[in-house]
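Notes to accompany the following structure.
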Amino acid sequence: MPSESIDSNENLRTTHRSSGDVGRSMIGEDIALTLKIVVAGGFGAGKSTLVGSVSEIRPLYSEETLSEDGRHRDDTGGVERKSTTTVAMDFGRITVHSGLSLYLFGTPGQDRFWFLWDELCEGALAAVVLADTRRLEDCFAAVDYFERRRIPFVVAVNRFPGAPDHTEHDVAQALDLDRGTPVVLCDARDRASGKEVLIRTVEYAGRMHTARLLASVG
């Protein structure tokens, strides 16, 4: 017999599960599932915008005004109007559906803040790599980071006004993505568009983690 009493519905309810758990308990009750998603990408790709547009809570930003020294150190080509930059992380939360919430951690985009990435990505189920077709090469570092660590990711092409128009296939080829890595088009300013990106990310990560689990026991 368990040492703890289970004579109430509250005691039966599970309030915490790891990323591999399903959405219902063994007795058929809904459980609360929270997953960590990292939002990465190059400088000015729209990471803070995406986190802010989908978050149901007031997002936490760590933005500072971009100084003249920073403009000289960072490549601002194509994003000359950008006046702030993330120096630590962004944080937001979105409930995808009843029982499933996502915690969103946005990374800084500049190379000099790469030392923060390992800690921000600890325990993440998956990642979104935001891409700007005006500066597509900025995605290579993030793509390489997640591929090396076997963290499933989706490339989300943020469609900036006036940016070159490329198909998902074109972007996948340009970034030399592993076969099957999803590429989706989005508008980081639009909540519905951002939410769809996150749903695709969770679905893809679920397939990848399941396939790896089956391969490990096969």
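All values derive from a computational prediction rather than experimental measurement.
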Is a side-chain donor or acceptor of Asn158 paired with a backbone partner of Ala188 at a separation under 3.5 angstrom?
-> yes
If we only count heavy atoms from C-beta on, is the Arg191 to Ile94 side-chain gap below 4.5 Å?
-> yes
Can Arg149 and Asp118 be counted as an ion pair, charged N to O under 4.0 angstrom?
-> yes
Is there a donor-acceptor pair closer than 3.5 Å between any side-chain N or O of Ser55 and the backbone N or O of Ile57?
-> yes
Dump the intermediate steps for salt bridge (charged side-chain N to carboxylate O under 4.0 Å, His left out) on Arg135 and Asp138, then the final yes or no.
-> CA-CA 6 Å; Arg135 301 158 53 96; Asp138 288 359; 2.8 Å; yes
Got a second to check how far Glu147's CD is from Thr181's OG1, nearest 0.5 Å?
-> 6.0 Å
Assign the ring pair Phe153 / Phe146 to parallel, tilted or perpendicular, where the plane angle (0 to 90°) is split at 30° and 60°.
-> tilted
Pair Ser193, Asp187: side-chain N/O donor-acceptor within cut-off below 3.5 Å | no
When rounded to the nearest 0.5 Å, the distance separating CD1 of Ile151 from NE2 of His209 is 8.5 Å
Find the distance between CG (Asp144) and SG (Cys139) and round it off to the nearest 0.5 Å.
-> 12.5 Å
Would you please say whether a donor-acceptor pair under 3.5 Å links the side chains of Asp170 and Thr167?
-> yes
Between Ser101 (side chain) and Thr34 (backbone), is there a donor-acceptor pair under 3.5 Å?
-> no
Backbone of Leu120 reached by a side-chain donor or acceptor of Lys36 within 3.5 Å | yes
